[in-house]
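Small disclaimer: the values here were computed from a predicted structure and weren't measured.
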Amino acid sequence: MRILILSATIAVPLLSGCGTMGATSTYQQELNALEASCVRDQGILSPTGRETGRPQTEYVCKINGIASGIPPR
């Protein structure tokens, strides 16, 4: 009986991890899109300190350099 309980406690966590291997979470997909958008605008993602489960509220895109409304000389 002890062997059965021990093998069940080891097998369940191992098998449950197999279904998600290689898959990208929705959070990670949204974070990747946010980072790509920020890099495209020549910015850097910075954490806000919030933990909401949504990358749009957990990170801001900081853009340093020339103000976008003033053309370069």
Give me the one residue out of Gln29, Glu35, Gln28 that meets side chain to side chain contact (heavy atoms under 4.5 Å, CB included) with Leu31. Gln28
Quick one: pull up OH in Tyr27 and CG in Leu34 and give me the separation to the nearest 0.5 Å. 9.0 Å
Looking at Ile63 and Gln42, what are the two nearest heavy atoms and their distance? CG2-O, 4.1 Å
First locate atom SG of Cys61, then atom CD of Gln56, and finally report the distance between them rounded to the nearest 0.5 Å. 13.0 Å
Heavy-atom donor-acceptor pair, Thr48 side chain to Val60 backbone, under 3.5 Å: no
Determine the minimum heavy-atom distance between Ile44 and Cys38, stating which atoms define it. N-SG, 3.4 Å
Under 3.5 Å, is there a donor-acceptor pair between the side chain of Glu58 and the main chain of Pro47? no
